[in-house]
Amino acid sequence: MIIHKDAETAIGSMHDSSSVLAFLKKLERYPATPGDHYELDTRGRPIHFKTLKRHILIYYRDPFAEETRILDLLRAENL
């Protein structure tokens with residue numbers, strides 16, 4: 001799993017990151033775990049959006065590299 005800098009910073013600044021960390025552990029065990037919603041990016045990759053309390057985790061699975069990339073973690077109120 002690769003966590004991009006923006007997501008790492010957002011997770012580190014959370015008051016209670018337990019729900020996010022629990023979902024990240026789930027993604028490590030089951031990399032194909034879908035989000036609540038997904039959209040295709042310009043390359044055709046499904047970018048997943050997972051709601052975790054008041055935050056939205058944005059990630060995608062790269063099956064060729066066998067990696068899950070955590071792109072960002074945003075507050076739902078800011079969207």
In chain order, what residues pass the side chain to side chain donor-acceptor pair (under 3.5 Å) check against [X], with sequence neighbours excluded?
{"X": "T42", "value": "none"}
{"X": "R75", "value": "E77"}
{"X": "E28", "value": "none"}
{"X": "T68", "value": "R61"}

How long is the span from the [atom1] atom in [X] to the [atom2] atom in [Y], to the nearest 0.5 Å?
{"X": "H37", "Y": "I47", "atom1": "NE2", "atom2": "CD1", "result": "11.0 Å"}
{"X": "D36", "Y": "H48", "atom1": "CG", "atom2": "NE2", "result": "11.0 Å"}
{"X": "I3", "Y": "D72", "atom1": "CD1", "atom2": "CG", "result": "12.0 Å"}
{"X": "I70", "Y": "Y59", "atom1": "CD1", "atom2": "OH", "result": "7.5 Å"}

Item to complete: Name all residues meeting the ring-ring contact (aromatic ring centres under 6.0 Å, His included) criterion together with H55; count only those two or more places apart in sequence or in a different chain, and write none if there are none.
Response: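 Once residues adjacent in sequence are excluded, H55 has no partner under the ring-ring contact (aromatic ring centres under 6.0 Å, His included) criterion.
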
[X]: what forms a salt bridge (Lys or Arg N to Asp or Glu O under 4.0 Å) with it, not counting sequence neighbours?
{"X": "E39", "value": "none"}
{"X": "K26", "value": "none"}
{"X": "D62", "value": "none"}

Pair up each side-chain donor or acceptor in residues 4-14 with any protein partner under 3.5 Å, not counting sequence neighbours, and list the distances.
unit_1 : atom_1 : unit_2 : atom_2 : d
T9     : OG1    : K5     : O      : 3.0
S13    : OG     : T9     : O      : 3.3
S13    : OG     : A10    : O      : 3.1

Discussion item. Starting from L40 and following side-chain heavy-atom contacts under 4.5 Å between hydrophobic residues (I, L, V, M, F, W, Y), which residues can be reached?
Written reply: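 Traced through the cluster, L40 reaches Y38.
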
Discussion item. Hydrophobic clusters here meaning ILVMFWY residues chained together by side-chain heavy-atom distances under 4.5 Å, can you tell me if L27 and L73 are in one?
Written reply: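 Linked, L27 and L73 end up in one cluster.
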
Worksheet item: If two hydrophobic side chains count as joined below 4.5 Å and joins carry through other members, does L74 share a cluster with Y60?
Response: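 Linked, L74 and Y60 end up in one cluster.
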
Fill in: Set of side chain to side chain contact (heavy atoms under 4.5 Å, CB included) partners for L52, sequence neighbours left out
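With neighbours one apart ignored, the set is S19, V20, F23, K50, L57.
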
